[in-house]
Number of protein chains: 2
Amino acid sequence: MKTNLTPKRELSAQIADRIRAAIIDGALKVDSRLPSEAELAESFGVSRPTVREALKRLAAKNLIRTQRGATGGAFVNRMTYREARDDQVTTSTLLLSMNDVSFEAACEARFALEVSCIALACARREDEDLAAMEAELVRQADETITDEAFCASDVAFHRAFVDAAKNPVLSYQLAGAVEAMQPLMNLITYTGRSRARILRRHRRLLTALTARDTAAVHDALDDLAAYTVKIAGEVEAAKAR
Amino acid sequence: MKTNLTPKRELSAQIADRIRAAIIDGALKVDSRLPSEAELAESFGVSRPTVREALKRLAAKNLIRTQRGATGGAFVNRMTYREARDDQVTTSTLLLSMNDVSFEAACEARFALEVSCIALACARREDEDLAAMEAELVRQADETITDEAFCASDVAFHRAFVDAAKNPVLSYQLAGAVEAMQPLMNLITYTGRSRARILRRHRRLLTALTARDTAAVHDALDDLAAYTVKIAGEVEAAKAR
DNA sequence: ACGTTCCCAAATGTCATACAATTGATCCGA
DNA sequence: TCGGATCAATTGTATGACATTTGGGAACGT
């Protein structure tokens, strides 16, 4: 972590890269303390503000946390599923909103990914998973909730389905894909009829999952994907008028 | 973006949050220029180093880019698939390495996710996709390459398969899952026999994709997943001795 | 000997200022 | 008109100082 810094790129970026590399290859272990800012500044031959900029870059990525006081300093942060997921959601959301990805493409990816946990979910789902999904269906049946609340419940329903696969890595990956879609889904106005149809398909999915019937879950998901794209198209057509 | 800053949290973090929120909700559009550091410092009532720490936090997340010179400044960055993917790979890699995720769980998630592009890949694969995969098989057949090179080619083969689905959102999501596994895969020593068996399964997958036979691709993937877990178990058992 | 209080040292957080480096724009001259 | 020197704006870096937080230890009293 001590080779010379080139004057080409920003020093703070190079220093951040060095420290990140040290964390990734295990030279700096979780919860270990980095040298103080003054020591880092001297060892890299730069000023303290430059070191601080480097540390802020790492803090922004949740790689380190800082603590003030006598025994304070910068510590290697244990990456949690929660932090990683939140990060991925905002990144995915921005990616979709900034690159005018078509609703169809995003929707296609989202439902395709969800297919990947069908087999595992059917094999491992427990009563509490079914209960969580059922609770969301109750919410969705309430016709007085807003479109945003309906969408949020939709997302929660699908996340509960994903969690039923009982694989945290899979949950983490899929949470990003599913939640990143929500802003796009929120653009859709849900009529009473479309809500009823979505609810019916959700119900069908839950029933199939309860029966551990992978083929039926697959059908329900495909059906839901097709209907989602369909009403998105209708909304867009209506907006064009 | 101008409400008062509380003295509780670090000022640079609060400022970064404000600007990030402005970007996410669209108040700051892609490629638009932020006020100069001096102007931001004055408008937030803080010093320039503090503003710079905030900007570095945003730069670390690829939300902005900075440019020196007369017409320079900080600009809202268009999030690219490439940047988002690289980010996700390092995050996923750290997540796996720091939380002692079992090889089985990670492997299960990885292959489950790959299943999601079978249908699309079979429907849309073009000759160039097949050629890219074939090229990797040639590399893997070379018995003189290192284990690391073999793993890298393995990853490239699967990425080519994913790309055949012709959905950038899907490619982005799966690239993270597939590439994040590479460090774990690198721990495995590939004997001549296991390489031959992996190669045979890869060949089988490619043949099925060429024929657009979804069921056969599915079988090949399942077979590959099972074999990967099996040799990982053997390697671990060997290490235990 | 024990507990409480107070003070201090170490570290991060913030500020002010200055200078260096870069880069597009402008002006001027041939 | 074109080319080049100059300029001004902006970010990058350095220096030094002070504020704030926080744990630990010394001093003190009981």
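In what follows, every chain begins at residue 1, and chains take the letters A, B, ... in the order their sequences are listed. No experiment lies behind these values; they were computed from the predicted model shown.
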Closest non-hydrogen atom pair, G72(A) against R33(A):
O-NE, 3.0 Å
Would you call D17(B)-R9(B) a salt bridge at under 4.0 Å N-O?
yes
OG-CZ distance between S32(A) and F75(A), expressed to the nearest 0.5 angstrom
9.0 Å
Heavy atoms under 4.0 Å is the rule here; annotate nucleotides 4-15 of chain C 5' to 3' with B where the base is hit, S where only the sugar-phosphate is, and - elsewhere.
-----BBSBBBB
Send over the distance from R65(B) CZ to dT23(C) C1', rounded to a whole Å.
16 Å
Closest approach of E136(B) to S153(B) (non-hydrogen atoms, all atoms of both residues):
OE1-OG, 2.8 Å
Using the ring of each side chain (for Trp, its six-membered ring), is F111(A) parallel, tilted or perpendicular to H158(A), with breaks at 30° and 60°?
perpendicular
To the nearest Å, how far apart are E42(B) CD and dA9(D) P?
16 Å
